[in-house]
2 protein chains.
Amino acid sequence: MTGARKRAGEPVYRQVESELLRRIQAGELAPGQKLPPEPELAAEWGVNRLTIRHAIGELARAGHVNVRQGSGTYVAEPQLVVEFDLPQLPSTDADAGSTATIADYTRQDQTETLVHITDADTDVRAVAALEVAGPLLRVDTLVRAGGQPFLASGYWLDAARFPGLTATVGERIALFQALHERFGLRLRHAWRSLTATVATREDAALLDVPPGGPVMLREGINVDDDNVPTMYLRRRIRGDRIRFTMRYDTTETPSA
Amino acid sequence: MTGARKRAGEPVYRQVESELLRRIQAGELAPGQKLPPEPELAAEWGVNRLTIRHAIGELARAGHVNVRQGSGTYVAEPQLVVEFDLPQLPSTDADAGSTATIADYTRQDQTETLVHITDADTDVRAVAALEVAGPLLRVDTLVRAGGQPFLASGYWLDAARFPGLTATVGERIALFQALHERFGLRLRHAWRSLTATVATREDAALLDVPPGGPVMLREGINVDDDNVPTMYLRRRIRGDRIRFTMRYDTTETPSA
DNA sequence: ATGAATTTGTCCGTATGTATA
DNA sequence: CTATACATACGGACAAATTCA
């Protein structure tokens, strides 16, 4: 009898996935609503619980549902859209694109909290990007908007060059301000890179996304006035709830 | 005896995942090299094959390995980096950022092929974005660079407004050229949005990425000279192999 | 071109661990 | 503390795709 229902050609877990997605998109399962327990769904379709888990796992990675151990599986809330107005961009000021700037765009309650700080980090990519030998100062922060985790940032600096900075950077972070006031530094963009990746275990815990969920990964280097690479930064932005939109001014005539 | 090795706290599949990743990053498993078959790995660790599959599944989604049914699991090639020079951007010309432009940046052999074309599409997002009632003309293309799938694009237009366009757009696509020559149209950006998402089944097949793998999703609307929304486009870009880097001119002094 | 061997994909049943309510 | 619900793991079987003699 095993595999008897495979006749349709389409794998069972994908049939389950499609049907659950249909119920969500049709509103039969509303955002925030709890799905039936896995054993119940397994009984409904007459399949093994692993098959249900396979289907739910895909829905979770795609951001359609959130799974919480011991609690249940819930339909995800709709995506929050973050809009950027292009005329204000691009700027080479290093703090453009910082969280203060983002606050203007999102126009939402937003807090940046210190997650971790150390002056003895050895992240491989950061070391390579900054071209320094010694240990690095590392500041990890988390930005929440509307109470929800939004993006996670890491900033790396040469620890030897900025003694005592760890003590200055407190709960109210103001890293760029501290660099300016204490070391007379104004940083500019040297480069930024952007790609899509999947959430690591750490990203997932921090951003409250499913492991393997989509995140935008933005990396970059800031330089000082002498073009010395001074700060490496890496930001992970939730892909399931954040979308950057750039609106162009369409009133002007084509330029060329 | 079942579950006896769980005492370590860390799940077995994650231990396997970490160890395989270590071997890859240490170069013990070189890019392109085939991993041992799943049953062999299961025997090596003394675990069930499903546990191995769980580990390999995560590595595949993160882009570290490629799994091919009937063939084997292979270490992925390193990521291709696409560089944009910022002074050339942004432009509101609709064909900036088109594949011809990308060719300049990638400086690689690159071909765009027609995947599908129809004049009776009803994609929900496209219909909403274009604010038209009738069926849509839809052109799907695939861009390969260096022989590898690179990005997949979809273009939507009001079918009623562009009769006969399907016949014009052939294997050599030149969609923007056809719009200009046959309808006297010059399109400009109205908006673009960017987010990270996971590959759907169709994306995965087209782009040769694992289902659930990361892709950058770029959507947008182009308008004509009367600011009428004329073209909706949606592009999926492989996140596992493509990274956009923007280099800024660091010779100039800070502006403000 | 065929068919067997290899390798991954799907699915079943069962058991136990861990987090939450 | 107990019950519930998801997380991990075992063993077995067959299907589907690929490879290769």
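Proteins get letters first, then strands, A, B, ... in listed order; numbering begins at 1 in each.
- Under the side chain to side chain contact (heavy atoms under 4.5 Å, CB included) criterion, A:Glu19 pairs with A:Arg22, A:Arg23, A:Trp45, sequence neighbours left out.
- Looking at residues two or more places apart in sequence or on another chain, you find no salt bridge (Lys or Arg N to Asp or Glu O under 4.0 Å) involving A:Asp208.
- In this structure, the CD atom of A:Glu17 is 11 Å from the P atom of C:dT10, given to the nearest Å.
- Every residue was checked against the ring-ring contact (aromatic ring centres under 6.0 Å, His included) condition with A:His64, not counting sequence neighbours, and none meets it.
- Computed from coordinates, the B:Arg61 CZ to C:dG9 P distance equals 12 Å when rounded to whole Å.
- Contact check, B:Thr51 against D:dC10: a side-chain N or O comes under 4.0 Å of OP1 or OP2.
- Atom P of nucleotide C:dG9 and atom CG of B:Asn66 are separated by 12 Å, given to the nearest angstrom.
- Considering only residues two or more places apart in sequence or on other chains, B:Asn66 meets the side chain to side chain contact (heavy atoms under 4.5 Å, CB included) condition with B:Ala76.
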Could you give the side-chain donor-acceptor pairs of residues 46-61 of chain B under 3.5 Å, partners two or more places apart or in another chain?
| residue | atom | partner | partner atom | Å |
| --- | --- | --- | --- | --- |
| B:Asn48 | OD1 | B:Leu50 | N | 2.8 |
| B:Arg49 | NE | B:Glu38 | OE1 | 2.8 |
| B:Arg49 | NH2 | B:Glu38 | OE1 | 3.0 |
| B:Arg53 | NH1 | B:Glu38 | OE1 | 3.4 |
| B:Arg53 | NH1 | B:Glu38 | OE2 | 3.1 |
| B:Glu58 | OE1 | A:Arg201 | NH2 | 3.3 |

Only distances under 3.5 Å count here; give the side-chain donor-acceptor pairs of residues 117-128 of chain A to other protein atoms, sequence neighbours excluded, each with its distance to 0.1 Å.
| residue | atom | partner | partner atom | Å |
| --- | --- | --- | --- | --- |
| A:Thr118 | OG1 | A:Ala120 | N | 3.1 |
| A:Asp121 | OD1 | A:Arg138 | NH1 | 3.4 |
| A:Asp121 | OD2 | A:Asp123 | N | 3.0 |
| A:Asp121 | OD2 | A:Trp156 | NE1 | 2.8 |
| A:Asp123 | OD1 | A:Arg125 | N | 3.1 |
| A:Asp123 | OD1 | A:Ala126 | N | 3.0 |
| A:Asp123 | OD1 | A:Arg234 | NH1 | 3.4 |
| A:Asp123 | OD2 | A:Arg234 | NH2 | 2.9 |
| A:Arg125 | NE | A:Glu219 | OE2 | 2.8 |
| A:Arg125 | NH2 | A:Glu219 | OE1 | 3.0 |
| A:Arg125 | NH2 | A:Glu219 | OE2 | 3.3 |

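- In this structure, B:Asn48 places its CG atom 9 Å from P of D:dG12, rounding to the nearest Å.
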N/O to N/O distances under 3.5 Å, protein versus nucleotides 5-7 of chain D:
| residue | atom | partner | partner atom | Å |
| --- | --- | --- | --- | --- |
| D:dC6 | OP2 | A:Glu38 | N | 2.9 |
| D:dA7 | OP2 | A:Arg53 | NH1 | 2.6 |
| D:dA7 | OP2 | A:Arg53 | NH2 | 3.1 |
| D:dA7 | N7 | A:Arg49 | NH2 | 3.0 |
| D:dA7 | N6 | A:Arg49 | NH1 | 3.3 |

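- In this structure, A:His54 places its NE2 atom 16 Å from C1' of D:dT8, rounding to the nearest Å.
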Report all interatomic pairs (protein N or O, nucleotide N or O of nucleotides 2-4 of chain C) with separations under 3.5 Å.
none

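- B:Leu59 places its CG atom 14 Å from the P atom of C:dT8, with the value rounded to the nearest Å.
- A:Arg241 meets the salt bridge (Lys or Arg N to Asp or Glu O under 4.0 Å) test with no other residue; sequence neighbours excluded.
- The side-chain heavy atoms of A:Asp203 and A:Thr197, taken from C-beta on, include no pair separated by under 4.5 Å.
- Judged by closest nucleotide on DNA chain C, B:Leu50 is the one of A:Tyr74 and B:Leu50 placed further toward the 5' end.
- A:Thr195 contributes a side-chain N or O that, together with a main-chain N or O of B:Ile242, makes up a donor-acceptor pair within less than 3.5 Å.
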